[in-house]
Amino acid sequence: MAYKRPDKREYDELRKIQAKVGVIKRADGSAMFAFGNSKAIVAVYGPRKLHPQHLQDPEKCLLRCYYDLASFSVTERKRPGPSRRSTEVSYVTANALKSVIDLERFPSSVIDVYIIIIEADASTRCAGINAASMALAHAGIPMKELVSSVSIGKIGDAIVADLSKAEEDYTIKKDGKEIKSATDIPLAFLSRSEKISLMQLDGKATAKDLKEAMALGKKVCKKITETQKKALKKIKDE
Amino acid sequence: MEKEIKKKTKLKKEEKKTEKEEKKEEIKKGTEEKEIKIERKKREIVVPGEVVATGTEFLPSEGTTRDGKDILATRFGLLEKAAKLVKVIPLSGVFIPRIGNTVIGQINDISFNGWMIGIRAPKDAFLSVADCAGYINKKDLSEHYGIKDMIITKIKSIKSRGIDLTMKERGLRKLEGGMTIEINPTRVPRIIGRAGSMVNTIKTETGCSIVVGQNGIIWIKGKNVEDELLAKKAIDLIVEKPFIEGLTDKVKEFLQKQKSKK
């Protein structure tokens, strides 16, 4: 039986994307990016002076990412403040963005990236990376290229793009027990060189599945890159 | 369809341009300036990683890099091609200091041989007593520049540990009285205008003396606060709408209107 997506999307179809630049006035650069109901807003500050001083690197700039869910973003109130999960996501986000930024240009300073998820419906880290990449460009930071991210999932036997919360929680019944059978693979690609800067795996997947997921991710990330570019270029009309 | 409309609007713009150019010629402006103006209107917005030019005859300048045959943008901003040189003019971002920039700074701290000065840069800026003109009593440096004083200064050198400033040049001094406002440093060229036309317009219309620092700090001093606020309003107008054509004339109009209201 072929898997049917709950919102009747095609396997490679993304949810409705919203992208906007300059949403936070006082920040040096800011952006909003949304996959359907997963919405992230990002503020970028810097390059600015780094405190505490012992973190300063005389050779390069530090990229500090701060990812968090707003307390009202999920169905059950999320206790505000950093958690085990948000610390991990902040770390992988910083690593996904680091490779495109020219950090050697600003020694012993810091670039702060604040990612707040104001509405969560799965693939929030991907929405966060997309918004952060746009906000960094908007802050006038020298970058080699943009970063686009999408989560690829394996549900049953189908490889699908951009999972929603309903799909992430997909279960099958086996011997009277409910078994979680969705695999989530967040991927991030660089816009020009198409290199991978983020790959995580939550669930089970074979080598063949992973290859398929990467091919699909590369294909849909191109679409995301186009939306990001469009949003950035729109700034002049305002 | 869209392309056609664009073409039409472009044509219209060009017509307007020629009209303006004719007017300019009447006022006997240099032909060089005209060429630059035409070049300016062709600018488009580019994003990092975008191919802005192909071929070995082009040379990458600020905000661009070479990748094989292609020239890529490394910053978000307006693309400008002047002859063979390709560069990107930033639209946003913080102040990135360069040697020779004239900036306005605030005294943050006093040490035994100089002052620490905040110039909105990612690094500390230091003004040494040796880089000041005239006699300075080394026993009490606060007599010369006290904490929270604003000064107009120049960047002498940029080293890994920080920025060194100098006061040994004409026009560099302590700013007394008046008010300072902060704008985005990328808007500074707009505030100054071509050969200072914009800032001179504001100066003559409001009667204020204005100093614009490259770091986006502007110092205004007029006969009274009303004049200063009017100049501030004009600057806010430029910051909000930097892409409008013929902005200098609009600012002049705005200032005259505000003055006649009184």
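Note that these values count all heavy atoms, side chains included, but never hydrogens, waters or copies made by symmetry.
Minimum interatomic distance between B:P48 and A:M143 (heavy atoms only, all atoms of both residues): CB-O, 3.7 Å. Here the closest non-hydrogen pair linking A:L232 and B:I45 is O-CG2, 4.3 Å.
Rounded to the nearest 0.5 Å, atoms OG1 (A:T225) and CD (B:E50) are 12.0 Å apart. The CZ atom of A:R105 lies 7.0 Å from the OG1 atom of B:T74; values are rounded to the nearest 0.5 Å. Here A:K233 contributes atom NZ and B:F76 contributes atom CZ; the two are 9.5 Å apart, rounded to the nearest 0.5 Å.
Heavy-atom contacts from other residues, nucleotides or ligands closer than 6.0 Å to OH of A:Y11 number more than 12. Within a 6.0 Å radius of CD in A:E59, other residues, nucleotides and ligands contribute 12 heavy atoms or fewer. A 6.0 Å sphere centred on NZ of B:K87 holds no more than 12 heavy atoms belonging to other residues, nucleotides or ligands. A 6.0 Å sphere centred on NZ of B:K232 holds no more than 12 heavy atoms belonging to other residues, nucleotides or ligands.
For A:P58, no part lies near chain B; criterion is any non-hydrogen pair under 4.5 Å. Contacts between A:A139 and chain B at a heavy-atom distance below 4.5 Å involve the backbone alone (N, CA, C, O). Neither the backbone nor the side chain of B:V88 comes within contact range of chain A, judged by heavy atoms closer than 4.5 Å. Contacts between B:S92 and chain A at a heavy-atom distance below 4.5 Å involve backbone atoms as well as side-chain atoms. Interface remark: A:I141 contributes backbone atoms only to the contact with chain B (heavy atom separation under 4.5 Å). At a 4.5 Å heavy-atom cutoff, the contact between A:K144 and chain B is made by backbone atoms alone. For A:R192, the part lying under 4.5 angstrom from a heavy atom of chain B is the side chain only.
Of the residues considered (A:S191, A:G140, A:A27, A:S109), A:G140 shows the highest number of contacts with chain B, using heavy-atom pairs under 4.5 Å. The greatest number of non-hydrogen atom pairs below 4.5 Å with chain A, out of B:R75, B:R120, B:K123, is found for B:R75.
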